[in-house]
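Heads up, the thing below is written out as structure tokens.
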Amino acid sequence: MPGSPVSIGCAVMLSPGAAGAPDSGVIVAVMQTALTAGGLPLATAGSLCQMVNSVSGVPYPLPIPASGVSTGVAVSGQGLVRMGDKIPAGSGILTVLGPPAAPWVTDKNAP
């Protein structure tokens with residue numbers, strides 16, 4: 001899905017979540033530091049999301065897998081994560097909600 005790149009603090013949602021209902025979360029760690037926007041590193045596959053189970057409230061980590069991210073823009077060998085991406089992860093689909101780190105940039109490559 002074409003969209004603008006995201007960074008730390010971007011909201012994400014996993015549906016279905018660990019207990020069935022959608023879980024919400026946020027990107028908390030980006031492992032690459034080679035490409036930044038506004039001083040923040042842009043998220044790539046391998047970035048870490050902190051999710052919260054919507055039923056129990058228990059937090060859990062969820063790394064962003066390599067499938068479903070940009071196939072045209074890679075940073076340190078990992079595909080760029082963009083607003084609007086729908087990434088197969090864990091037991092469901094991880095949807096990247098936003099806000100974008102660089103709204104003036106759009107990656108139009110396929111997932």
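Side-chain contact between N53 and M51 is absent, with no heavy-atom pair separated by less than 4.5 Å. Between I93 and S15, the closest side-chain pair of non-hydrogen atoms is not below 4.5 Å. Side-chain contact check for R82 versus P111: some heavy-atom pair is nearer than 4.5 Å.
When hydrophobic clusters are built by joining Ile, Leu, Val, Met, Phe, Trp and Tyr residues whose side-chain heavy atoms come closer than 4.5 Å, directly or via intermediates, M83 is grouped together with V81. With hydrophobic clusters built from ILVMFWY side chains whose heavy atoms lie under 4.5 angstrom apart, L14 shares a cluster with I8. Tracing side-chain contacts under 4.5 Å through hydrophobic residues (I, L, V, M, F, W, Y), one never reaches V73 starting from V69; they form parts of separate clusters.
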Would you please test V96 and C10 for side-chain contact (heavy atoms from CB on, under 4.5 Å) and show each step? CA-CA 7 Å; V96 181; C10 176; 3.6 Å; yes
Between I64 and I87, does a side-chain contact (heavy atoms from CB on, under 4.5 Å) hold up when you go through it step by step? CA-CA 8 Å; I64 298 175; I87 304 166; 3.8 Å; yes
For V12 and I27, what are the C-alpha separation, side-chain angles and deciding distance, and is it a side-chain contact (heavy atoms from CB on, under 4.5 Å)? CA-CA 7 Å; V12 295; I27 298 174; 4.1 Å; yes
Checking side-chain contact (heavy atoms from CB on, under 4.5 Å) for the pair L94/C49: CA distance, chi angles, key distance, verdict? CA-CA 10 Å; L94 183 70; C49 299; 4.2 Å; yes
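Within the model, atoms CG of L35 and CG of L40 stand 11.5 Å from one another, a figure rounded to the nearest 0.5 Å. Note that the CD atom of Q50 and the OG atom of S24 stand 10.5 Å from one another [nearest 0.5 Å].
What you find for V75 and A34 is that their closest heavy atoms are CG1-CB, 4.2 Å. The shortest heavy-atom contact between A89 and L62 is CB-CD2, 4.3 Å. Closest non-hydrogen pair, S70 versus D85, comes out as N-OD2, 4.5 Å. Closest approach of P88 and P65 over heavy atoms only: O-CG, 3.1 Å. The two residues L42 and A37 make their nearest non-hydrogen contact at CD2-CB, 3.7 Å. Heavy atoms only, all atoms of each residue included: G17 and S91 are closest at O-OG, 3.8 Å.
None of D107, V105, T106 except one satisfies the side chain to side chain contact (heavy atoms under 4.5 Å, CB included) rule with S4; the exception is T106.
Checked by atom type and distance alone, the side chain of T95 never pairs as donor or acceptor with a backbone atom of K86 at under 3.5 Å. In terms of modelled atom types and a separation under 3.5 Å, the side chain of D23 and the main chain of A18 share a donor-acceptor contact. Side chain of Q32 to main chain of P41: no donor-acceptor pair is present (N/O by atom type, distance under 3.5 Å, no hydrogens or angles). The closest donor-acceptor contact from the side chain of T71 to the backbone of A110 lies under 3.5 Å.
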